[in-house]
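Reviewing the structure listed below.
Just so we're clear, the structure is a prediction, and the values are computed from it rather than from any experiment. Just so you know, these numbers use all the heavy atoms, side chains as well, and skip hydrogens, waters and symmetry mates. So you know, we letter chains A, B, ... as the sequences are listed, proteins then strands, and number each from 1.
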Amino acid sequence: MWDYSEKVQEHFFNPRNAGAVENANATGDVGSLSCGDALRLTLKVDPETDKILDAGFQTFGCGSAIASSSALTEMIKGMTLDDALEVSNQDIADFLDGLPPEKMHCSVMGREALQAAIANYRGEEWSDDHEEGALVCKCFAIDEVMIEETVRANQLKTVEDVTNYTKAGGGCAACHEGIEEILTRVLAEQGEAFDPNAAVAAPEPEPVAAQAKQPLTNLQRIKKIETLLDEIRPNLQRDRGDVELLEVDGRNIYVNLIGACSGCQLASATLGGIQQHLADGLGEMIQVLPAEALAHRDMMRA
Amino acid sequence: MSKGIYLDNNATTMVAPEVVEAMLPYFTEQFGNPSSIHQFGNQVGKALKKARKQVQRLLGAQYDSEIIFTSCGTESDSTAILSALRAQPERKEIITTVVEHPAVLNLAEQLEKEGYVVHYLKVDKKGRLDLDAYQALLSDQVAVVSVMWANNESGTLFPVEKMAEMAKAAGVMFHTDAVQAVGKVPINLQESAIDMLSLSGHKLHAPKGVGVLYLRRGVRYRPLLRGGHQERGRRAGTENATSIIGLGKACEMAQEAMAYENSFVKAMRDKLEKGILDQVPYCFVTGDPDHRLPNTCNIAFEYIEGEAILLLLNKMGIAASSGSACTSGSLEPSHVMRAMDIPFTAAHGSVRLSLSRYNTMEEIDRVIDAIPPIVAQLRELSPYWQGNGPVEEPEKAFAPTYA
């Protein structure tokens, strides 16, 4: 059974705004029958103010598809069309206190139904701009099509390249066989063979330790850590999260994950990524620990 | 909610209390290694011997040495197919079906990548094989035929005994994945031409983590695991003694319950199926109802999706499973439903109800009452449904942009 949040379950068992809106003046039909999820969103828009007066959904799909549809209609009622277009699939997932990685596409479908309905209202042609493939990396919810396209566009050659560009394979590593198969296939199209020992496209940063012989002062070290955190901050912010430095205690570096990162199921993977980056940059063995660990340390000292 | 109603016995079964009881002493006082010479080992060795006999009897095997204990059905399948390939390196072809369990299908796909030619027999809309097409594929190039005895999703039975005869006549080894059939349909291997058969303990009220490969005496064989002399060197590794002892007991009980399975359990299944079909419009039974496991019923509910049905059933304490894409964790509905050419709008709504001898008529009545309102509730949400029936020309009325 999926690990659905209370809120997902609640919206599935008691969906809001089910059914078609009467006298709707906007309709968006999206989804794929082969995948088993399809959604019709109907809106009643006030032509004077561009406000969404009413929204209703009809969904053929699983629990999270129905919950995402219900959440979407709740979120957009009362919004102007321009504001509604700002609603992202992550907003829908957040509204539901998160969705399992395999089910994120349900929130994508919600957003696309909204785009399609608004295009329909405005008399525009809407075409789907993303294609979905089988989920390869379950840790970071990366699908086959995304990996294939990234490999093609960037001439990637190794699993490590794919992880650097898409995050796929950066967690539990169970999907590395699948990524190798994609690389083999795409490289074969270009008349090349996949070589598991090929050099990584993006050169590894030179370990700082090799250059800096002088040990850093405490202040220099903390500044350096801040700089290194700034380097990876955009990655976190792209996923609507952030990180702040709390304390540096010898080789223990305490950070606080905030925004979407806090409570994220992938928090430990994120910490691992931060640790790797800091260790590379400082050229020393360090350990990155979450805020809870700091509280624990202080309690032990008290 | 009272105790739940478990109708997912093709996924796994409850371990019978008598089986647990038979196993318990072998966790504690009888902990010896059956290979040891002392009394600690000897007692366990004797218990394993008894279990082997019990399995032999249920399968109607001629010799107890034809029973090889493994860790699961999947291991048995892999061992059988890989053994046939390694024992006959000059043969590079395999025959199987499009509706096999992933334990066979995914292995076959991997073998294709390694250069083997795999022939996948197709099925018709009722899930039946074309034996003429099968006959045409049999040749001295084929190393092994692997065909399931009963389908795990639809319960459809394949004529494996006849197919084994045909393979034998062509000089080809025959393996059957009988994980769903053992304990539910009578099997008499000594009267058949089946060379290898896989079974899994947890499908017949034994614990998880134990299986059997039946290997007919004289069939050329290469072990998957080499090492110690266990299982006469055909499957090395210290025996999972407690589970094997449990499996033996479960086989004995299955044999005693065979008539009950094929009369009373079947009657419960038939009542359940009729009760649903009579009340719910736009649904149908998948597979071949005339050649089917006595415990399995697979119904496709049109215009709604299976996971949603399961979640609502679960809320009422009823456990079942579905062939929808969401529940399989893939982007396509069940390969079995697709192979039978069941349209997407129905395949995603297929629900499998699989019974056991531990179910009761009272439970069946409660499920018959529970399902119609659940289906109606979801259809009210469906873009394909309006009022009391599907919208006119559903596929045209709602044709979403591919996303």
Does [X] [atom1] have over 12 foreign heavy atoms under 6.0 Å away?
X	atom1	result
Arg122(A)	CZ	yes
Glu177(A)	CD	no
Glu22(A)	CD	no
Glu6(A)	CD	no
Glu392(B)	CD	no
Glu74(A)	CD	yes
Lys7(A)	NZ	yes

Chain B contact via Glu144(A) - which portion, at a heavy-atom distance below 4.5 Å: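 Glu144(A) has no heavy atom closer than 4.5 Å to chain B.
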Toward chain B, the part of Phe60(A) with a non-hydrogen atom under 4.5 Å: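 Backbone plus side chain of Phe60(A), per the 4.5 Å heavy-atom cut-off to chain B.
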Chain A contact via Phe398(B) - side chain, backbone, both or neither, heavy atoms under 4.5 Å: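 Its backbone and side chain both get close to chain A.
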Portion of Leu381(B) that has a non-hydrogen atom of chain A nearer than 4.5 angstrom: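 Contact with chain A: backbone and side chain both.
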Spacing of OG belonging to Ser382(B) relative to CD1 belonging to Ile66(A), to within rounding of 0.5 Å: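 Between atom OG of Ser382(B) and atom CD1 of Ile66(A) there are 9.0 Å.
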Heavy-atom pair of closest approach, residues Leu311(B) and Tyr4(A):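 Looks like CD1-CE1, 3.9 Å.
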Shortest non-hydrogen separation from Ala308(B) to Gly61(A) and the atoms involved: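 Reported closest heavy-atom pair: CB-O, 3.6 Å.
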Which of Ala347(B), Gly349(B), Pro383(B) touches chain A most, by non-hydrogen pairs under 4.5 Å: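 Ranked by heavy-atom pairs under 4.5 Å with chain A, first place is Pro383(B).
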Most chain A-contacting option - heavy-atom pairs closer than 4.5 Å, from Gln377(B), Arg338(B), Glu380(B), Lys113(B):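 Top option by heavy-atom pairs under 4.5 Å: Lys113(B).
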From CA spacing to verdict: side-chain contact (heavy atoms from CB on, under 4.5 Å), Lys103(A), Glu307(B): CA-CA 12 Å; Lys103(A) 299 288 192 173; Glu307(B) 188 206 287; 2.5 Å; yes
